[in-house]
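Model, not experiment: these values are computed from the prediction. Below, all heavy atoms of this structure are taken into account, side chains as well, without hydrogens, waters or symmetry copies.
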Amino acid sequence: MIARIALTVSVAVAAAAFAATAVTAQSDPIAARKAQMKSTGQQTGIGAKMAKGEEPFDLAKAKTIFATYEKAAVAMPALFPDTAKSGGDSTAAPKIWEDMADFKARFAKFGTDAKAAEAAVKDLDSFKAAFGAVTRNCGGCHELYRIKKS
């Protein structure tokens, strides 16, 4: 029961963050995508700690991580309109707009993989496998579509 309540609260928090991002996206897509990436990164940090054994495995937190990824996968492509190619200390590479179809396809795969992971994770071992597979999506996209800061 406590785990179910924790999951409900975690999903509600993620939904509120998603809604706030949607409002910000209309006025400032660069700020919105940075906020979305920050939220996603925070969840990835929690997942990494659980996977490494630095934090105890928590099924509700694991499901929240993947739910956050699913929401990000849906929201992020819209946060890269032609009008937001630069500014706001963006690290978005021009390649995004040169190959928007691939960029969007990568987010679709990320969302599909996150949804499958959320359904499949039951314990620490299944979490480690799913978390590693899903976060490989992040690295591949960042490698192609993000300008590395020095």
Side-chain angles (χ1 to χ4, degrees), residues 3-52 55 57-85 88 90-148:
R4 185 176 295 197
I5 291 169
L7 176 60
T8 302
V9 169
S10 296
V11 170
V13 169
F18 180 73
T21 300
V23 170
T24 304
Q26 293 174 4
S27 62
D28 187 350
I30 294 172
R33 67 188 183 222
K34 289 172 84 172
Q36 182 68 61
M37 285 292 184
K38 182 177 181 178
S39 172
T40 303
Q42 289 169 337
Q43 291 300 312
T44 301
I46 293 167
K49 286 180 182 177
M50 284 196 298
K52 293 177 191 174
E55 189 174 299
F57 174 75
D58 180 317
L59 183 59
K61 286 182 182 180
K63 296 221 179 243
T64 298
I65 291 164
F66 295 124
T68 300
Y69 290 170
E70 287 176 67
K71 286 178 175 57
V74 170
M76 288 301 288
L79 299 178
F80 292 86
D82 284 341
T83 58
K85 290 181 179 180
S90 176
T91 59
K95 185 164 176 54
I96 291 169
W97 293 273
E98 294 166 7
D99 197 355
M100 186 60 77
D102 179 64
F103 184 69
K104 289 180 177 181
R106 287 173 181 270
F107 273 114
K109 181 179 182 323
F110 179 53
T112 299
D113 290 353
K115 185 174 185 169
E118 184 180 3
V121 77
K122 306 287 183 232
D123 55 24
L124 179 59
D125 289 336
S126 61
F127 173 75
K128 285 180 180 180
F131 183 73
V134 173
T135 56
R136 274 192 289 282
N137 288 300
C138 303
C141 201
H142 285 191
E143 199 57 39
L144 283 174
Y145 295 114
R146 184 177 68 175
I147 297 169
K148 293 180 178 95

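Annotation: ring-ring contact (aromatic ring centres under 6.0 Å, His included) contacts of Tyr69 (sequence neighbours excluded): Phe110. Among residues two or more places apart in sequence or in another chain, the ring-ring contact (aromatic ring centres under 6.0 Å, His included) test is passed with Phe103 by Phe80, Phe107, Tyr145. With sequence neighbours excluded, the residues satisfying side-chain contact (heavy atoms from CB on, under 4.5 Å) with Lys38 are Gln42. By the side-chain contact (heavy atoms from CB on, under 4.5 Å) test, Lys104 is found to be paired with Pro77, Met100, residues two or more places apart in sequence or in another chain being considered. In this structure, the salt bridge (charged side-chain N to carboxylate O under 4.0 Å, His left out) partners of Asp102, at least two apart in sequence or on a different chain, are Arg106. By the salt bridge (charged side-chain N to carboxylate O under 4.0 Å, His left out) test, Glu143 is found to be paired with Lys148, residues two or more places apart in sequence or in another chain being considered. Contacts of Thr112 classified as side-chain contact (heavy atoms from CB on, under 4.5 Å), with partners at least two apart in sequence or in another chain: none. For the salt bridge (charged side-chain N to carboxylate O under 4.0 Å, His left out) test, no residue two or more places apart in sequence or in another chain qualifies with Lys85. Scored by the side-chain contact (heavy atoms from CB on, under 4.5 Å) test, Glu55 finds Ile46, Lys49, Met50, Lys61 as partners (sequence neighbours excluded).
No donor-acceptor pair closer than 3.5 Å links the side chain of Ser39 to the backbone N or O of Ala35.
Looking at Glu118 and Val121, their side chains never come closer than 4.5 Å, going by heavy atoms from C-beta outward. Between Ile147 and Ser90 there is no side-chain heavy-atom pair separated by less than 4.5 Å.
Distance check, rounded to the nearest 0.5 Å: NZ of Lys109 to CG of Asp113 gives 3.5 Å. With values rounded to the nearest 0.5 angstrom, Leu79 atom CG is found 9.0 Å from Met37 atom CE. Interatomic distance, Thr83 OG1 to Ile30 CD1, rounded to the nearest 0.5 Å: 8.0 Å. Here the straight-line distance linking atom CG of Leu59 with atom CG of Leu124 works out to 11.0 Å at 0.5 Å rounding.
Minimum interatomic distance between Ala75 and Gln36 (heavy atoms only, all atoms of both residues): CB-OE1, 4.1 Å. Of all heavy-atom pairs spanning Ala48 and Phe131, the tightest one is N-CZ, 3.4 Å. Considering all non-hydrogen atoms of both residues, Trp97 and Pro81 come closest at NE1-O, 3.3 Å. In this structure, Phe127 and Gly47 approach most closely via the heavy-atom pair CE2-O, 3.5 Å. Heavy-atom minimum distance, Ala93 versus Arg146: CB-N, 4.0 Å. Residues Arg33 and Ala84 come closest through the heavy atom pair NH2-O, 3.0 Å.
Sorted by first then second residue, the salt bridge (Lys or Arg N to Asp or Glu O under 4.0 Å) pairs that include residues 119-137, not counting sequence neighbours, number zero.
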